[in-house]
There are 2 protein chains.
Amino acid sequence: MSEPTIYEVAKEAGVSAATVSRAINGRDRISETTRQKVFDACAKLGFSASKTASMLRTGKTNRIALTVGNSLAGWFSSQLAEGVYSVLASQGYDLLSYRLANADQRRDFFSSMPVKRNADAVIISSFDISETERRTLEQLGMPVIGVNTIGLTEQRDMISIGVDEIIAMRQTVHQLAGLGHRNIAFICKQQDSNGFIWEADQRIEGFRLGMAAEGLNLPDGYIIAVQDNEFAGAEALSSLLALSPRPTAVCCISDENAIPLVHALRSYGFRVPEDISVIGFDDWPMAQALNISTVRHDPRSYGALAADAAIRLSRGEILTESCIVVPTTLMLRGTTGPAPRD
Amino acid sequence: MSEPTIYEVAKEAGVSAATVSRAINGRDRISETTRQKVFDACAKLGFSASKTASMLRTGKTNRIALTVGNSLAGWFSSQLAEGVYSVLASQGYDLLSYRLANADQRRDFFSSMPVKRNADAVIISSFDISETERRTLEQLGMPVIGVNTIGLTEQRDMISIGVDEIIAMRQTVHQLAGLGHRNIAFICKQQDSNGFIWEADQRIEGFRLGMAAEGLNLPDGYIIAVQDNEFAGAEALSSLLALSPRPTAVCCISDENAIPLVHALRSYGFRVPEDISVIGFDDWPMAQALNISTVRHDPRSYGALAADAAIRLSRGEILTESCIVVPTTLMLRGTTGPAPRD
DNA sequence: CTGAAAGCGCTTACAG
DNA sequence: CTGAAAGCGCTTACAG
């Protein structure tokens, strides 16, 4: 069964292929009767235009590429993809996904450029690209939108959308300080950077700055990197217990770290938050279900904003805002409380 | 900056465009000297062939579409996408994602067929398609691979990959029965089917069959559907407490339900597993971190298998196995134990 | 082994 | 408002 072409539709409707094209794309003016004839013919033959052919002609692909760092899976990337998708779908665009997990894949990507003539814009999530890489894309006429790259790309001529990680962490520290905590530790995931700069680095930096701003001391060992496995909670707990002075609050780089830590603490008889406060970051549905304090942000909304920007840029629009900062919300739930009196 | 075309490379190398094409694609035989000249010219001009143009000519898109039900986000879909991606990337294919969240979107998809001439095969995840829909795709010459559709598609002429939900749930019930449990409740998420048939329905069916096979009674109200919000745990708990006889074990349709339930139970002073056993399904990383008993399966691996099948089918290969059943593993951890003596 | 030419299915100046 | 024609950048029978 070969697909009907625009010529068959034209024949069916008794018009030329050019007219069919115009009727379908609907930019040119066309008489209502002709339009109706064409639509009927399309419906009858089950015609839909080959994107490939129109792409070859127009140079527009109606596809947007989403490029993530470590994995397509995971809460952030998949929420983001969902947000991107919802906008693309409503505009007739397709979503193309790429993962650049390490330096090799990244190099391949920028040398073979699978997005070249294959997407109209590229959304880059959670890692920084170099000035050279950005320029490579630019020379292909490929607009680039960064998500969660704020602070990484300040000096670059590039649209960025996301939260300000530094401000968010500073606010978190401020809040804990306000509850009387003076010894606050930080837990993050060990992560091989693979030549990437991640938003995670921004969160750590924000924590440091927050501590400094509150005039709080940050002893050696107070920033703890745990492995990313099923023992992460236990590992964090034992690192914490080894600290002197013992922290009364723990800031986690994400809920992924906070949830197992709270579990480990409670399993070992610590009361949370009475003995120790714990706060996460992200606001996973599970954080809500388990009543974990956290910092809420919404990658789905960045995705939507990024997709919108991508489409506009690819159409040649000029965006006035080059940096959209989305606010975070502190969600104080059942794992944070006043510092214990000693 | 317009990209160099094959003609410019041909000129540079002093050969014809046809020869350049042959040198690059490397199927036809070509003299070593010519090949070298072409490669040099390509390197010099930074040429890479336009996929779009070659697609228009050959009809192959080198793209595979992944179509999910409710959301691109979420553990299952995103793990699946990751698995699909890893295989596609290694073979030079691109991943195109679609979400069909409700009957409308689904109808649109099958009528406008965005994948037509836009992908070489389509992988359908976790919901059943009708015979008509399958045939629509077939008539486009579009191979279809179902993931997690086993049992839904037995009678259909369609490749399916996934776990056997019914067997998995039966085994779970069998295991709980072996621990002495006779009153076993089931918790699932309320879900509007939107005209879809989901794998979730298979799990419920498997639970029923398992109870019957063990000769266990399933009183009214023992299958509980909770809303999908932050009160899911509390809601499940109160429904459970209203039951008579009181269940000694609870099978959850997924870890998403099991984790909040365990939390709610413990918050209210119940001992898990001493007073009541809870088992989930999926084996989320969080289930492992929180020591929740569950049934492990691995959507990433289905994704890889599905992508492999998709590529082969799109190349015209005939696959001998039409149904690949992946085994599940019962992970008995800290939330299941012997039934309490009364 | 290599080239000239046709054609994949559209869109869009250019006429009318 | 509509049509005839050229062309987007490749690949592939068909000759040689």
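When reading the values below, keep in mind they use all heavy atoms of this one structure, side chains included, and skip hydrogens, waters and symmetry mates. Just so it is clear, the model here is predicted, and its values are computed rather than measured.
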Donor-acceptor under 3.5 Å (B:E8 side chain, B:P4 main chain):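 No, the answer is negative, given that no donor and acceptor are paired below the 3.5 Å cut-off.
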Side chain B:D120, main chain B:I64, donor-acceptor under 3.5 Å: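 No; judged by distance alone, with no hydrogens or angles, the pair does not exist.
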Take the protein atom [atom1] of [X] and the nucleotide atom [atom2] of [N], then report the distance between them rounded to whole Å.
X     : N      : atom1 : atom2 : answer
B:E8  : D:dC8  : CD    : C1'   : 13 Å
B:I6  : C:dA6  : CD1   : P     : 18 Å
A:N62 : C:dT11 : CG    : P     : 10 Å
A:Y7  : C:dT11 : OH    : P     : 10 Å
A:N25 : C:dG9  : CG    : C1'   : 13 Å

A:C42 versus A:V9, closest heavy-atom pair with distance: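 Between these two residues, the closest heavy atoms are SG-CG1, 3.8 Å.
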Least distance between heavy atoms, A:L95 atom then A:L66 atom: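 In terms of heavy atoms, the two residues are closest at CD1-CB, 3.8 Å.
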Are the side chains of [X] and [Y] in touch, meaning some heavy atoms are under 4.5 Å apart?
X     : Y     : result
B:K51 : B:D94 : yes
B:M55 : A:M55 : no
A:R63 : B:L96 : yes

C:dG9 OP1/OP2 closer than 4.0 Å to side-chain N/O of A:T5: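 No, no such contact exists.
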Any residue meeting salt bridge (Lys or Arg N to Asp or Glu O under 4.0 Å) with B:K44, in chain and number order, not counting sequence neighbours: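 Counting only residues at least two positions away or on another chain, B:K44 forms a salt bridge (Lys or Arg N to Asp or Glu O under 4.0 Å) with B:E12.
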Any residue meeting salt bridge (Lys or Arg N to Asp or Glu O under 4.0 Å) with B:D40, in chain and number order, not counting sequence neighbours: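 Salt bridge (Lys or Arg N to Asp or Glu O under 4.0 Å) list for B:D40, sorted by chain: empty.
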Qualifying ring pair (Phe, Tyr, Trp, His ring centres under 6.0 Å) pairs with a residue from residues 81-102 of chain B, counting only residues at least two apart or across chains: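 Those involving residues 81-102 of chain B are B:Y98-B:F109.
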What nitrogen or oxygen pairs link the protein and nucleotides 1-4 of chain D at under 3.5 Å?
| from | atom 1 | to | atom 2 | distance (Å) |
| --- | --- | --- | --- | --- |
| D:dC1 | OP2 | A:R29 | NH1 | 3.4 |
| D:dT2 | OP1 | A:S31 | OG | 3.2 |
| D:dT2 | OP1 | A:T34 | OG1 | 2.3 |
| D:dT2 | OP2 | A:S31 | N | 3.2 |
| D:dT2 | OP2 | A:T34 | OG1 | 3.3 |
| D:dG3 | OP2 | A:S16 | N | 3.0 |
| D:dG3 | OP2 | A:S16 | OG | 3.0 |
| D:dG3 | OP2 | A:T19 | OG1 | 2.4 |
| D:dG3 | N7 | A:R22 | NH2 | 2.6 |
| D:dG3 | O6 | A:R22 | NH1 | 3.2 |
| D:dG3 | O6 | A:R22 | NH2 | 3.4 |

Euclidean distance for C1', D:dT12 against D:dG16 (whole angstrom):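 Between the two C1' atoms, the distance is 16 Å.
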Those residues of residues 49-61 of chain A lying under 4.0 Å from DNA chain D by at least one heavy atom: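 The stretch gives A:L56, A:R57 as the residues lying under 4.0 Å from the strand, ordered by number.
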A:T67 OG1 to A:F110 CZ distance, which is reported to the nearest 0.5 Å: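 So the gap between those two atoms works out to 7.5 Å.
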Pairing string, 5' to 3', for DNA chain C - Watson-Crick or wobble contacts under 3.5 Å, brackets [ ] where pairs cross, | to another strand: |||.||||||||.|||
